[in-house]
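Heads up, the thing below is written out as structure tokens.
As a basis for the values below, the full set of heavy atoms in this structure was taken, side chains included, without hydrogen atoms, waters or symmetry mates.
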Amino acid sequence: MNHRFLSIVGLAAAMAFTGGCSANKAVTDTTTGNGATAEAVAVPADTITANTVPVWAPQKHAFNPSRTKEHDLLHTKLRVRFDWEKQYLNGTAELRLKPYFYPQDTLVLDAKGMDIHSVSLMKGDDGSPLKYSYDGQKLAINLNKTYTRTEEYVVEINYTAKPNELEAGGSDAITSDKGLYFINPLGAEPNKPMQIWTQGETEANSAWYPTIDSPNERSTQEIYMTVDPKYMTLSNGEFVYSRQNADGTRTDYWKQDLPHAPYLAMMAVGEFAVVKDKWRNKEVNYYVEPEYKGTAKQIFGNTPEMMEFFSTKLGVEYPWEKYSQIVVRDFVSGAMENTSASIFMEALQLNERELLDKNWDGIIAHELFHQWFGDYVTTESWANLPLNEAFANYSEYLWAEHKYGKDEAAYLQMDELSQYLNEAETKREPIIRYYYKDREDMFDSHSYAKGGRVLHMLRNLVGDEAWWASLNRYLTQNKYSDVEVAELRMAFEDVTGRDLMWFFDQWFMQAGHPELKVEDSYQNGQLRLQVTQTQDTVYAPVYRLPLQVAVWAGGKKTVYPIVVDKAKQTFTFNVPTEPQLVLFDAEQQLLGVVEHEKSQEELVYQFKNTQQLGPKLEAMMTLDDSLQKPEVLQMYQTALNDDYWRVRSAAINRLSSPKEGQAGAVENTIRQMALQDKEGAVRAEAILALAGWNGGKYTPVFEQAMQDSSYLAAAAGILAYAGTGAADTKQRLAAFEEEQNEDIVLALASYYAMQGGPEKYDWFMRQINQASGSELYYLLQSFSAYLAGNSQTNTPEVITLLANLAQNSDQYYVRAAAYQALMVMSEKPEVQELLQQIRQNEKDERLLQLYGR
């Protein structure tokens with residue numbers, strides 16, 4: 001599953017170097033074997049009291065083991081039809097099982113919020129009733145006898161699933177957990193298609209069919225879906241046939257002969273265009289709304305190449321019958337890796353012009369890699385979720401490295417580090433953790449971002465050949481089964497012959513990350529490098545860190561392998577002349593925080609000579625207040641011509657607020673970039689930089705930018721032109737009001753929030769009714785400011801719209817934005833009453849804290 005999106009905003013945090021508390025373990029002297037001597041000294045312990053426990057300290061909750069296997073679910077056969085008006089599923093589930101080991105006379109199934117009509121024991125087509133009890137969550141069936149582990153039996157359950165009547169739940173990653181979703185079921189929303197789709201992770205599929213809803217269970221599967229003939233269907237496995245029914249409906253039959261976990265079962269129903277593709281001898285299909293049929297291959301078209309790349313590297317061919325990818329409306333996460341049929345949020349649907357600025361290769365690779373790591377081999381419990389998500393996260397790096405080069409891959413790694421470090425300010429837990437409050441808490445930046453970075457370090461430690469060989473062993477030995485982290489470790493140990501317990505223990509089983517202070521000095525032909533681990537070892541270990549130090553002296557680069565494994569160490573290297581640069585962690589692979597002070601000269605040298613993205617951006621970030629120095633300004637001028645667009649963009653961003661008289665040296669270059677840079681994002685950055693310097697001077701540039709082929713650049717042009725205060729601004733911007741692109745809509749909303757006036761009421765209402773997800777969230781922010789400045793637009797229609805969003809949106813952040821917009825009108829008694837109702841009915845703890853309840 002993918003629930004977050006990459007953003008350039010993360011770069012600054014990724015490069016932020018901060019210290020921590022002193023380590024509190026004394027160590028002894030030691031010597032390395034890599035041409036460098038290491039001297040270790042003791043570091044005084046901090047005095048820890050109850051009052052100094054940091055906010056991020058790991059929390060202790062109840063132990064969460066994997067689910068005990070009492071029965072083995074062998075096969076699932078479902079026959080379902082849908083009541084769109086009531087938003088019900090009427091189904092028959094036929095389950096074939098046997099006791100796992102010990103004899104059993106009772107079967108307990110997960111079945112959330114259903115009406116159970118009958119339960120029968122089947123002998124062929126004949127059924128005999130079984131007694132059962134049902135509490136709304138668990139269906140306990142009394143079997144006709146005690147069965148042993150060699151005896152199979154089949155039960156049939158007739159039921160009605162009522163997902164909308166379940167108590168709402170969700171998390172940051174998966175904003176709702178009702179399992180089955182009817183989108184626009186009555187067709188009342190004119191701009192939204194009617195759809196049905198499912199979302200099973202973590203344990204929500206048992207809201208639409210009875211099962212053993214646990215990741216350490218798996219079965220083969222058949223699904224018969226009865227629908228109106230106008231709809232397409234999609235499910236796991238292979239499409240077998242369609243049958244026309246006497247009542248005018250159609251039944252589609254989907255069959256999967258390979259076993260998978262219940263949470264990976266899926267269905268989707270709707271009016272889709274199906275664009276066919278192929279990988280080797282297997283179908284690869286893309287399901288999109290008909291409007292996007294023409295661009296579906298541009299959006300998803302790298303999928304066959306990804307399948308070939310991953311299959312070849314892993315030595316395990318893509319294992320399922322087919323691979324389909326479907327885009328649905330109002331999805332409750334970013335995407336979901338259902339076996340052979342991944343679901344994606346609607347943001348993936350892009351037109352030709354939008355594709356100039358964006359691609360979704362990262363999320364596409366993420367869900368595809370899950371087909372091996374998560375579906376083929378599945379975590380045995382949610383405590384081991386990183387065995388699914390860390391690998392899927394790291395696949396984004398692997399694909400970027402293969403397809404787009406080292407800089408794009410390095411950027412992704414920096415962004416992942418930023419995401420984890422941001423979360424680590426308030427939360428530090430082991431990656432593999434059995435002590436969590438709620439299984440949904442596992443879907444965080446520890447499981448995803450930190451997990452991916454740890455896998456990168458593991459790959460760096462063992463080498464590429466051993467990395468891929470170890471993954472092959474892990475997959476082949478554990479195929480179609482459930483695993484825990486020890487099995488991954490043993491696969492790497494079996495291949496490499498190394499004991500890797502130390503690596504898995506410090507990175508997977510312990511909380512926190514290394515925080516290092518690095519100091520270097522040179523005297524009498526020797527470079528001294530002092531490394532201090534400053535993390536508080538009450539909560540984190542003293543780490544063992546094999547890494548490299550690169551030293552440039554006399555224009556020559558030398559790399560020294562070292563192992564940091566003490567609280568404080570001094571390494572010495574024989575270096576003939578005073579170094580021009582010392583680069584700690586030369587491979588830029590460490591997950592941690594490093595404080596290493598460097599001079600201006602060293603940073604400029606670093607930018608010019610390392611040829612690595614991280615060190616370049618570090619130099620630019622650190623020296624952006626030294627533009628008065630000619631060599632620094634020259635460095636930025638060089639960055640404006642860098643081959644990698646993110647470096648060019650970062651350079652513009654750093655140069656956008658120069659001190660008086662300094663803009664002239666780069667202003668003309670940035671003007672040319674605003675018009676001609678090959679990347680729309682860079683043109684947009686340049687346009688906004690010009691607007692910040694002297695907007696009126698560059699009005700012709702902004703006029704041209706508003707017609708740019710890139711939506712990003714056009715949106716920047718809109719904001720920049722509006723900032724000039726030109727008399728015809730409203731008239732010019734009105735020409736964009738029919739655009740549905742998110743960047744354009746939000747640019748207009750930003751301006752109209754303060755300058756729109758009552759005449760923009762209809763435009764705001766139309767956009768809010770059409771938007772969803774993050775676009776709707778940001779739109780509501782602007783609308784809130786608009787309502788505050790235009791009291792005559794605080795109409796009953798607005799109040800009803802916002803109250804509906806605040807109470808019923810599946811996305812908690814949309815509910816929050818709608819609530820805040822209602823607060824603008826809180827002087828109205830009817831709004832006060834609504835706000836109170838919203839607070840009383842809200843279940844999400846994050847929102848309750850925000851609302852002050």
Side-chain angles (χ1 to χ4, degrees), residues 3-5 87 163-199 204 207 327-336 343-347 440 443 740 742 745-746 749 764-784 786-787 796-826 831 833-851 853:
H3 73 276
R4 84 287 182 273
F5 313 106
Q87 300 183 52
N164 284 357
E165 297 177 17
L166 288 168
E167 183 175 336
S171 65
D172 282 339
I174 310 163
T175 58
S176 175
D177 63 354
K178 61 185 182 181
L180 176 67
Y181 299 81
F182 290 79
I183 306 304
N184 193 19
L186 303 180
E189 299 177 72
N191 298 309
K192 182 177 288 187
M194 297 172 64
Q195 295 177 349
I196 297 170
W197 46 263
T198 61
Q199 165 53 36
V327 181
V328 302
R329 290 292 187 102
D330 299 345
F331 196 51
V332 294
S333 187
M336 178 62 204
I343 294 182
F344 295 87
M345 61 184 177
E346 65 203 80
E440 303 296 337
F443 292 82
Q740 294 303 305
E742 178 177 349
V745 169
L746 294 180
F764 264 114
M765 293 295 285
R766 185 169 72 252
Q767 298 303 326
I768 290 170
N769 278 311
Q770 293 175 350
S772 62
S774 61
E775 180 184 6
L776 179 55
Y777 171 79
Y778 289 115
L779 194 56
L780 288 169
Q781 300 287 308
S782 292
F783 191 48
S784 180
Y786 174 81
L787 293 173
E797 180 186 25
V798 168
I799 294 170
T800 299
L801 173 65
L802 294 175
N804 180 57
L805 288 170
Q807 292 172 311
N808 300 317
S809 174
D810 285 332
Q811 287 128 349
Y812 79 94
Y813 50 87
V814 171
R815 298 201 302 276
Y819 179 92
Q820 290 172 324
L822 277 172
M823 288 288 292
V824 171
M825 300 172 283
S826 60
V831 173
E833 184 176 343
L834 277 171
L835 291 170
Q836 184 177 359
Q837 290 176 7
I838 292 166
R839 289 192 297 269
Q840 288 175 344
N841 294 329
E842 182 58 62
K843 304 297 184 184
D844 194 299
E845 287 295 329
R846 296 163 296 189
L847 297 190
L848 292 176
Q849 291 179 15
L850 179 67
Y851 299 163
R853 182 184 138 196

Sequence neighbours left out, what passes side-chain hydrogen bond (donor to acceptor under 3.5 Å, both in side chains) with Asp330? Give chain and number order. Lys192
Would you give the length of the straight line joining atom OG of Ser333 to atom CZ of Phe443, rounded to the nearest 0.5 angstrom? 8.5 Å
Give the C-alpha distance, both sets of side-chain angles, the deciding distance and a yes or no for side-chain contact (heavy atoms from CB on, under 4.5 Å) between Ser826 and Leu835. CA-CA 8 Å; Ser826 60; Leu835 291 170; 4.0 Å; yes
On a heavy-atom basis, the closest approach of Pro185 and Gln87 is CG-NE2, 3.5 Å
Taking only residues two or more places apart in sequence, or in another chain, which ones meet Glu797 in a side-chain hydrogen bond (donor to acceptor under 3.5 Å, both in side chains)? Tyr761
Might you confirm whether atom CE of Met823 has over 12 heavy atoms from other residues, nucleotides or ligands at distances under 6.0 Å? no
Could you name each residue pair satisfying side-chain hydrogen bond (donor to acceptor under 3.5 Å, both in side chains) that touches residues 798-807, not counting sequence neighbours? Asn804-Asn808
Working for side-chain contact (heavy atoms from CB on, under 4.5 Å), residues Leu780 and Val814: CA-CA 8 Å; Leu780 288 169; Val814 171; 4.2 Å; yes
Tell me which pairs pass salt bridge (Lys or Arg N to Asp or Glu O under 4.0 Å) where either residue lies in residues 764-775, with sequence neighbours left out. Glu738-Arg766
Check whether any side-chain heavy atom of Met336 sits under 4.5 Å from a side-chain heavy atom of Phe331, and report yes or no. yes
Side chains of Leu776 and Ile768 in contact at under 4.5 Å (non-hydrogen atoms): yes
Could you give the distance from CG (Asn841) to CD (Gln836), rounded to the nearest 0.5 Å? 10.0 Å
Ala335 versus Phe344, closest heavy-atom pair with distance: CB-CD2, 3.5 Å
CD/Gln781 to CD/Gln820 distance, rounded to the nearest 0.5 angstrom? 6.0 Å
What I'd like to find out is whether the side chain of Ile196 reaches to under 4.5 Å of the side chain of Tyr181, using heavy atoms alone. no
Report the C-alpha distance between Leu180 and Asn164 in whole Å, list the side-chain angles of each, state the deciding distance to 0.1 Å, and finish with yes or no for side-chain contact (heavy atoms from CB on, under 4.5 Å). CA-CA 8 Å; Leu180 176 67; Asn164 284 357; over 6 Å; no
Polar side-chain atom of Asn184 near backbone of Glu189 as donor-acceptor pair, under 3.5 Å: yes
With heavy-atom distances below 4.5 Å as the criterion, would you say the side chains of Leu801 and Met765 are in contact? yes
NZ-CZ distance between Lys843 and Arg846, expressed to the nearest 0.5 angstrom: 15.0 Å
Over all atoms of both residues, closest heavy-atom pair of Ala749 and Ser782: O-CB, 3.5 Å
For Ser784 and Ala821 the tightest heavy-atom approach is OG-CA, 3.8 Å
The criterion is side-chain contact (heavy atoms from CB on, under 4.5 Å); which residues satisfy it with Gln195, sequence neighbours excluded? Ile183, Pro193, Trp197, Phe272, Glu289, Val328, Arg329
Identify the heavy atoms of Pro190 and Ala188 that sit nearest to each other, and give their distance. CD-O, 3.3 Å
Aromatic centroids of Tyr819 and Tyr851 separated by under 6.0 Å: yes
Any donor and acceptor pair, going by atom type alone, linking the side chain of Tyr812 with main-chain N or O of Ser809 inside 3.5 Å? no
Non-neighbouring partners of Gln767 that pass side-chain contact (heavy atoms from CB on, under 4.5 Å), sequence neighbours left out: Gln740, Val745, Trp763, Gln770, Leu779
Residues that Phe764 engages under ring pair (Phe, Tyr, Trp, His ring centres under 6.0 Å), provided they are two or more places apart: Phe783, Tyr786
My understanding is that only residues two or more places apart in sequence, or in another chain, count here; which of them pass side-chain contact (heavy atoms from CB on, under 4.5 Å) with Met825? Leu787, Asn794, Val798, Ile799, Leu802, Leu822, Lys828, Val831
Mind checking what makes side-chain hydrogen bond (donor to acceptor under 3.5 Å, both in side chains) contact with Ser772, not counting sequence neighbours? Glu346
Is there a donor-acceptor pair under 3.5 Å between the side chain of Glu842 and the backbone N or O of Asp844? yes
